Amino acid sequence: MARRPLPRILSNGSAQIARSRELARTAADSATDVLQPLITVARGLRHLAGAAQRKWAETPKDRRGPLLFLVASVILVVALVSYGPLLAAIALMAAAAWYGRDRTPPAPTGPDEAQVQRLQSLYEALVPYFSVAEDPAPLFAHGGDWEKAFPAHEFDEDGRVSRLLVRYPAYFRDGEAICRARIEQLLQAKSGRGREYHFAWEQEGNELTVTVLPPLPTDIAAQRFVTAPGETVLGFTDPADVQRTLPLGFGEARRDVPPVVWRTGARSTEPHLLAAGEPGSGLSTLVRSIALQALQYGDVVIVDGGGTGEYACLTGRDGVLAVESGLAGALASLEWAAHETERRLLSANHARQAGHPAPEDTKNPLWILLDRPGTLGHLAAADGHRDPQDLLEVPLRHGRAAGVTVVVAEQFDGLDTLGEAVLQHTRARVVLGSATGPQLEAVLGAPPHTTPPQNVPPGRGYARLGAGPVLRLQVPATPDPYDDATSETQRRAVLDLLPVRTAPADPEPVPAAAEPAAAEG
């Protein structure tokens, strides 16, 4: 039996419904425009009736009789006068129209006097940079019109510029970083210091958009993030820079926050990471956060070159193969990691040649986390041992195919001690804390399009994954739970994420508040 085509109402019903809704909306708008006078008069009559009712309620009972007599007398006189009822109806409709009018004050259509003065000051400050003597019709000139140069502008509650669109002449050298930096520095100084600005240069249209960025949230504690295997949350950034959000808990409340997700594994183009910063900028916090996320799916080897005991809470935990702070232990652990990388490569290669899937013992991710390897390099050179960084060459070169990920964290004063293999293969970069423009560009490979904040909280910085854009970054608070300065809320958040302890840890000084929690883990 031949199939019958579907009725048209079923095949294109959604389009007809959309057109019907549009026609109904248009008819409603037209009816509202036509009936607007009647709506105004009806609103006024309602207001007059309400006023009469309130007047009657406020009148004492002993005066209501004379008031009724007065009203009846007025109505009688109006009825007896020629054209009285008509004139009374006209007066009533006029009063109703007057009381029923829209009394909402009109929104301001332009900047006020103080805002105009700010815009004019910005315009005059940009004149030396956006004008030349040979221009017959300059867009920027002393005493000129700022409205043509600033077609769009917004202000915050304090009256300061929050967003500004600047049009500049085509002969301005917007392709040179030095020229752009001068304009950005000037706009930042004139628009108000102490805020972070984002500068978007559209060189094709000769336009510059200046936007004031809100501060990144610093109250995000360590927690389980909704991510897939092979995804690591480095921190959180601006909503406009990423197309993804994660649901996070803030005490009893929950909200969605845009993350900076670093993808590792066989298909990753940035399989290894390098983090740099000043002392106290949050490098250890970042490494701890990565370690807690890596332990969900793999094993971790931690080398603490600083020897400060920042990772003592991970000692003996399930999945933590080693936590080394001495030179001998670090060399042994890194040598084992290099051999393990080679073993995984050989096992996977033999399985592929035989037509079999990769062995299960090669699929478990292995993470090598090094904090301040430059310090260990100095110790190795003084004792005549091999530099621990030399043992990273095999995991860095072949780690992606073997499921091995390397994370290196080093302070700015130790970046010159990093080997060529580390600098070449760590294509995911993070900079935390206060840093100058040259330092940011040296580590990230490109300058950020935002100005640095005035007060840099711990864990605040920038991130760049491969050849992608430079993103603002705020690392989730992951402090050392054994530190006395750690709050109880953050200590509990970290201890809840730690795996169970499978091996006895070395006796270390632990705060009294943390001992029971550590024993429970």
Side-chain angles (χ1 to χ4, degrees), residues 229-230 232 262-276 287 290-291 294-295 297-305 311 319-353 357-381 383-410 414-430 465-466:
T232 302
W262 172 40
R263 293 175 176 84
T264 58
R267 299 183 181 275
S268 174
T269 57
E270 304 88 22
H272 310 295
L273 180 138
L274 172 63
V287 175
I290 294 175
L295 287 172
Y297 308 106
D299 299 327
V300 173
V301 174
I302 302 176
V303 176
D304 183 11
Y311 310 99
V320 180
L321 304 181
V323 178
E324 302 291 347
S325 57
L327 178 59
L331 290 174
S333 298
L334 295 180
E335 186 175 2
W336 173 87
H339 292 317
E340 175 66 11
T341 304
E342 295 174 347
R343 185 197 66 80
R344 293 187 176 203
L345 288 175
L346 292 175
S347 299
N349 187 30
H350 292 161
R352 281 193 295 267
Q353 290 179 358
E360 292 297 330
D361 59 351
T362 64
K363 295 181 180 180
N364 192 36
L366 174 62
W367 291 71
I368 305 174
L369 311 180
L370 291 89
D371 190 356
R372 300 193 65 186
T375 304
L376 294 177
H378 287 296
L379 295 177
D383 294 343
H385 293 287
R386 185 180 182 182
D387 191 341
Q389 295 187 52
D390 296 340
L391 300 171
L392 290 177
E393 185 171 356
V394 174
L396 287 170
R397 290 183 180 276
H398 308 288
R400 178 171 58 179
V404 179
T405 303
V406 179
V407 176
V408 178
E410 186 57 88
L415 290 179
D416 54 349
T417 63
L418 296 180
E420 185 63 26
V422 174
L423 298 176
Q424 181 179 358
H425 294 283
T426 52
R427 300 189 69 249
R429 300 293 181 90
V430 172
L465 304 179

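Because the structure is a prediction, the values reported are computed rather than measured.
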Pair up each side-chain donor or acceptor in residues 365-381 with any protein partner under 3.5 Å, not counting sequence neighbours, and list the distances.
| residue | atom | partner | partner atom | Å |
| --- | --- | --- | --- | --- |
| Asp371 | OD2 | Ser284 | OG | 3.2 |
| Asp371 | OD2 | Tyr311 | OH | 2.6 |

*Go through the steps to decide whether Arg343 and Asp361 satisfy the test side chain to side chain contact (heavy atoms under 4.5 Å, CB included), and finish with yes or no.*
CA-CA 10 Å; Arg343 185 197 66 80; Asp361 59 351; 3.0 Å; yes

*Decide yes or no on side chain to side chain contact (heavy atoms under 4.5 Å, CB included) for Leu392 and Val422, but give the supporting numbers first.*
CA-CA 8 Å; Leu392 290 177; Val422 174; 4.3 Å; yes

*asked:* Walk me through whether Leu391 and Leu331 qualify under side chain to side chain contact (heavy atoms under 4.5 Å, CB included).
replied: CA-CA 8 Å; Leu391 300 171; Leu331 290 174; 4.1 Å; yes

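Although no hydrogens or angles enter the test, the distance criterion places a donor-acceptor pair under 3.5 Å between the side chain of Asp387 and the main chain of Gln389. Remark: side-chain polar atoms of Thr426 are not paired, donor with acceptor, to backbone N or O of Ala428 under 3.5 angstrom. Distance alone, capped at 3.5 Å, is enough to place a donor-acceptor pair between the Ser333 side chain and the Gly329 backbone. No donor-acceptor pair under 3.5 Å is formed between the side chain of Trp262 and the backbone N or O of His272. Judged purely by atom type and a 3.5 angstrom limit, Arg427 has no side-chain atom pairing as donor or acceptor with the backbone of Gly466. Side-chain N or O atoms of Ser347 include none that pairs as donor or acceptor with a backbone N or O of Arg344 at under 3.5 Å. In this structure, Arg400 contributes its side chain and Arg267 its backbone to no donor-acceptor pair below 3.5 Å.
Pairing each heavy atom of Ser268 with each of Glu270, the nearest pair is OG-N, 3.1 Å. Contact record, Ala338 with Val394: O-CG1, 4.0 Å, taken as the closest heavy-atom pair. The two residues Val303 and Ala330 make their nearest non-hydrogen contact at CG1-CB, 3.7 Å. Considering all non-hydrogen atoms of both residues, Leu327 and Pro388 come closest at CD1-CG, 4.1 Å.
Interatomic distance, Leu415 CG to Leu423 CG, rounded to the nearest 0.5 Å: 8.0 Å. Here NE2 of His350 is found 6.0 Å from CD of Gln353. Values are rounded to the nearest 0.5 Å. We find the CD-CG distance between Glu393 and Leu334 to be 13.5 Å, quoted to the nearest 0.5 Å.
Looking at heavy atoms from C-beta onward, Leu418 lies in side-chain contact with Leu274 at the 4.5 angstrom threshold. Within the 4.5 Å cutoff, no side-chain heavy atoms of Val300 are placed close to those of Leu321. A 4.5 Å side-chain heavy-atom check between Pro271 and Thr264 finds every atom pair outside the cut-off. Leu295 is listed as a side-chain neighbour of Val320, based on a closest heavy-atom distance under 4.5 Å.
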